[in-house]
Amino acid sequence: MTRSISIVSTALVIAILIFGAASHGAEEADASTFVSLKFEGACDDQNNRLWLSNSHTFKTVVTKVRWRAAGGKDLTEEFFPAPNSIREIGCAAEAEIIEAKFAEF
């Protein structure tokens, strides 16, 4: 009886380790894979409305964006888009995400 308990306990520990490793790997996707920029709608002849989206289902992604309106200076700002959200940043001719990380709150 002791041997069968030992085998069951060992199998249970192995199953827990495998399940824990599999779920830990899923959590390690880079934050930048969940955020994106898109231009949709015109502001004027040279600039379009700039939108930031976060497709993560339950995490906020702190996102540093650099953008520039035509003839304007570069602007850099940090945004905190909520999970499954899209928000307008402003009008721009070009833009890029320079950093993305999961919020720690």
Side-chain angles (χ1 to χ4, degrees):
M1 176 116 168
T2 305
R3 182 164 170 84
S4 63
I5 291 174
S6 176
I7 291 171
V8 169
S9 297
T10 303
L12 183 59
V13 169
I14 291 171
I16 290 171
L17 289 174
I18 290 171
F19 178 74
S23 61
H24 181 68
E27 291 179 34
E28 291 192 9
D30 190 50
S32 64
T33 62
F34 297 101
V35 289
S36 63
L37 295 170
K38 69 176 180 174
F39 289 104
E40 188 173 295
C43 293
D44 57 36
D45 291 341
Q46 297 176 331
N47 297 293
N48 292 307
R49 294 170 65 189
L50 177 61
W51 299 82
L52 171 63
S53 68
N54 174 7
S55 63
H56 200 285
T57 56
F58 62 92
K59 289 187 178 182
T60 297
V61 179
V62 181
T63 310
K64 189 180 287 189
V65 178
R66 179 177 26 227
W67 76 99
R68 183 181 68 77
K73 64 178 185 172
D74 282 355
L75 301 171
T76 303
E77 191 170 345
E78 234 176 30
F79 297 94
F80 295 79
N84 282 325
S85 69
I86 299 173
R87 66 168 293 174
E88 185 175 5
I89 293 176
C91 294
E94 55 189 74
E96 67 178 324
I97 294 174
I98 30 184
E99 183 180 8
K101 60 186 175 186
F102 291 117
E104 297 181 17
F105 50 77

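Positions are given from 1 along the sequence.
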Donor-acceptor contacts under 3.5 Å from residues 31-38 side chains, at least two apart:
unit_1	atom_1	unit_2	atom_2	d
S32	OG	D30	OD2	2.3
T33	OG1	D30	O	2.6
S36	OG	S53	OG	2.9
K38	NZ	E40	OE1	3.3

Output for pair (E104 CD, K59 NZ), nearest 0.5 Å, gives 10.0 Å
With a 4.5 Å heavy-atom cut-off, do L50 and F39 have their side chains touching? yes
Interatomic distance, CZ@F80 vs OG1@T60, rounded to 0.5 Å, equals 9.0 Å
The side chain to side chain contact (heavy atoms under 4.5 Å, CB included) partners of A42 (sequence neighbours excluded) come to N48
Residue set satisfying side-chain hydrogen bond (donor to acceptor under 3.5 Å, both in side chains) with N47, at least two apart, ordered chain then number -> D44
Side-chain donor/acceptor pairs under 3.5 Å, residues 88-98, sequence neighbours excluded:
unit_1	atom_1	unit_2	atom_2	d
E88	OE1	R49	NH2	3.0
E88	OE2	R49	NE	3.0
E94	OE1	R68	NH2	2.8
E96	OE2	R66	NE	3.0
E96	OE2	R66	NH2	3.0

Tightest non-hydrogen contact, residues L52 and P81, listed as CD2-CG, 3.9 Å
For N84 and T57, what are the C-alpha separation, side-chain angles and deciding distance, and is it a side-chain contact (heavy atoms from CB on, under 4.5 Å)?
CA-CA 6 Å; N84 282 325; T57 56; 4.2 Å; yes
Contacts of E99 meeting salt bridge (Lys or Arg N to Asp or Glu O under 4.0 Å) (sequence neighbours excluded), chain-then-number -> K64
One should read off an interatomic distance between D74 CG and W67 CH2, to the nearest 0.5 angstrom, of 10.0 Å
By salt bridge (Lys or Arg N to Asp or Glu O under 4.0 Å), E78 pairs with (sequence neighbours left out) none
